[in-house]
Protein chains: 2
Amino acid sequence: MIDKKIGLRIKEIRKGWGLSQIELAERIGISFQQIQKYEKGTTRISVMRLQQISDALGVHITAFFEEGEKTPMVSDFALRYAPSRDSVNLPGVVQPLNKEEITLLKLFRNTRNKKVREGIIKQLQGVVELGNRK
Amino acid sequence: MIDKKIGLRIKEIRKGWGLSQIELAERIGISFQQIQKYEKGTTRISVMRLQQISDALGVHITAFFEEGEKTPMVSDFALRYAPSRDSVNLPGVVQPLNKEEITLLKLFRNTRNKKVREGIIKQLQGVVELGNRK
DNA sequence: CCAAAATACTACTCTCAGTTGTTAGACTTT
DNA sequence: AAAGTCTAACAACTGAGAGTAGTATTTTGG
């Protein structure tokens, strides 16, 4: 019961970060099949394991026990941003990354040249600037 | 480690209610010796069991994870892992976001025009392409 | 459309959560 | 002061299920 809920949360957050079961498993040092069981809720999760998972996902362990949708699922130390786009969203509430954003991030991270990265950001700033000044 | 801390918390709260190990064990339906192990931290506690214990003690399960006052709202995963990010970067591995990446994401999310977003990604793909084919 | 990555499902192994039994201290009560 | 009661600590044993590995199926993206 509770393991089922926790499992879903794990999956949610993992996907939010664009991680595969394999990647998450490697961070923790267990098999990805075991991650599957956690996510499906077929085996009980120990507190220790959940602690490791929390660390690997960059969220506080209590994130798995907070009921309701209005609770931030992903640690927002990073993503505390107000302006929400495609939905109603409370300030400070974080959404996991969508596919497009994950692609963006992976590419950005593979861009070693600092100048190039800064250029991309500059460019986006320009675009947003234009867009807002209607 | 974490089991030890949780165990102490259980003992603390149990005594706070003036309950014996036996009484607590009965409420949960296990042997009091097992409670001992939990309190000593000699066996790993499953989330399910901790949930039962929380219920039996009349506290929310998160009570066991809240550290003193200095509770970090956020796991320090990012702090521990982010610094090394610039040097080591495995392909496809996603980590919590650093400052630069947060900026990127915020801007990206404020870019309403789908075509523009796709353009940015295309552009990055080109850059990465060039960079890798040394 | 095809290869490769990601996820799902199955069968096996071996750890360790949980049980039982014993002991010891800390109190009452007679 | 001995005999009963209550609590907690520790040891030895057992089997459920946590964890692994192998294979099949789905999904991705090129």
Side-chain angles (χ1 to χ4, degrees), chain A residues 1-4 6-53 56-57 96-107 110, chain B residues 1-4 6-53 56-57 64 90-94 117-118 121-126 128-130 132-133:
Chain A
M1 186 64 238
I2 181 144
D3 293 288
K4 195 106 183 169
I6 301 235
L8 289 176
R9 231 26 179 309
I10 293 174
K11 189 170 192 172
E12 236 171 42
I13 299 176
R14 174 178 62 78
K15 294 218 157 181
W17 286 114
L19 286 172
S20 69
Q21 292 175 342
I22 294 175
E23 286 168 320
L24 175 55
E26 277 171 356
R27 288 189 179 190
I28 298 172
I30 60 173
S31 67
F32 71 92
Q33 290 95 333
Q34 191 55 35
I35 297 288
Q36 286 178 2
K37 292 193 185 173
Y38 290 145
E39 293 188 354
K40 291 276 172 196
T42 56
T43 57
R44 329 225 90 110
I45 308 176
S46 74
V47 170
M48 184 214 67
R49 211 18 76 81
L50 189 59
Q51 176 66 69
Q52 293 177 322
I53 293 175
L57 293 177
L97 314 183
N98 63 30
K99 284 247 175 82
E100 195 184 30
E101 289 160 352
I102 289 167
T103 306
L104 175 77
L105 249 170
K106 288 193 173 178
L107 286 169
N110 278 323
Chain B
M1 186 64 242
I2 182 143
D3 293 289
K4 195 108 183 168
I6 302 241
L8 289 176
R9 213 59 185 278
I10 293 174
K11 190 169 190 173
E12 221 173 60
I13 301 178
R14 175 176 64 78
K15 294 215 155 180
W17 286 110
L19 286 172
S20 69
Q21 291 176 341
I22 295 175
E23 286 168 318
L24 176 55
E26 277 172 355
R27 290 190 181 189
I28 299 171
I30 61 174
S31 68
F32 71 94
Q33 291 95 332
Q34 191 54 34
I35 296 288
Q36 286 178 3
K37 292 191 186 173
Y38 290 144
E39 294 187 354
K40 290 278 172 196
T42 56
T43 57
R44 332 224 91 110
I45 308 176
S46 74
V47 169
M48 184 213 69
R49 211 18 74 82
L50 189 58
Q51 176 67 70
Q52 292 178 324
I53 292 175
L57 293 177
F64 294 100
L90 304 165
V93 173
V94 177
R117 290 203 307 275
E118 285 167 356
I121 287 180
K122 277 263 159 58
Q123 188 181 350
L124 272 172
Q125 281 169 338
V128 170
E129 188 88 355
L130 281 178
N132 291 349
R133 161 180 72 213

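All of these numbers come straight from a predicted model, not from anything done at the bench. Proteins come first, then strands; the chains are lettered A, B, ... in the order of their sequence lines, and each starts at number 1.
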*Asks:* Specify the closest pair of heavy atoms between B:Arg44 and B:Tyr38, including all atoms of both residues, with the distance to one decimal.
*Replies:* O-CE2, 4.2 Å
*Asks:* Any heavy-atom pair between the side chains of B:Glu12 and B:Leu8 that's under 4.5 Å?
*Replies:* no
*Asks:* Closest nucleotide of DNA chain C for B:Ile45 versus for A:Ser20: which of these residues is on the 5' side?
*Replies:* A:Ser20
*Asks:* Would a distance-only check, ignoring hydrogens and angles, find a side-chain to backbone donor-acceptor pair under 3.5 Å from A:Asp3 to A:Ile45?
*Replies:* yes
*Asks:* May I ask you to test the B:Leu24-B:Trp17 pair for a side-chain heavy-atom distance under 4.5 Å?
*Replies:* no
*Asks:* Write down the atom of A:Gln21, the atom of A:Ile35, and the distance for their closest heavy-atom approach.
*Replies:* O-CG1, 4.1 Å
*Asks:* A:Arg49 and A:Ile30: side chain to side chain contact (heavy atoms under 4.5 Å, CB included), yes or no, with the steps?
*Replies:* CA-CA 10 Å; A:Arg49 211 18 76 81; A:Ile30 60 173; 3.2 Å; yes
*Asks:* Please report the closest heavy-atom contact between A:Arg27 and A:Leu19, naming both atoms and the distance.
*Replies:* NH2-CD2, 3.8 Å
*Asks:* Closest heavy-atom contact between A:Met48 and B:Ile2?
*Replies:* CA-CG2, 3.8 Å
*Asks:* Going 5' to 3' along DNA chain C, which nucleotides are the first and last within contact of chain B (any atom under 4.0 Å from a heavy atom)?
*Replies:* C:dA17 to C:dG21
*Asks:* Can you give one letter per nucleotide of nucleotides 19-30 of chain D, 5' to 3': B if a protein heavy atom sits under 4.0 Å from the base, S if only from the sugar-phosphate, - if neither?
*Replies:* BBBB-----S--
*Asks:* Provide, to the nearest angstrom, the distance between the CD1 atom belonging to B:Ile35 and the C1' atom belonging to D:dC10.
*Replies:* 16 Å
*Asks:* What pattern of brackets, bars and dots sums up DNA chain C from 5' to 3', given Watson-Crick or G-U wobble pairs under 3.5 Å, [ ] for crossing pairs and | for another strand?
*Replies:* ||||||||||||||||||||||||||||||
*Asks:* Expressed in angstrom and rounded to an integer, what is the separation of A:Asp3 atom CG from D:dA18 atom C1'?
*Replies:* 12 Å
*Asks:* Can you tell me the distance, in whole Å, between the NZ atom of B:Lys40 and the P atom of D:dA8?
*Replies:* 11 Å
*Asks:* Considering non-hydrogen atoms only, spot the tightest contact between A:Leu57 and A:Arg14 and give its length.
*Replies:* CD2-CA, 3.8 Å
*Asks:* Counting only N and O atoms by type, is there a donor-acceptor contact under 3.5 Å from the side chain of A:Glu23 to the main-chain atoms of A:Ser20?
*Replies:* yes
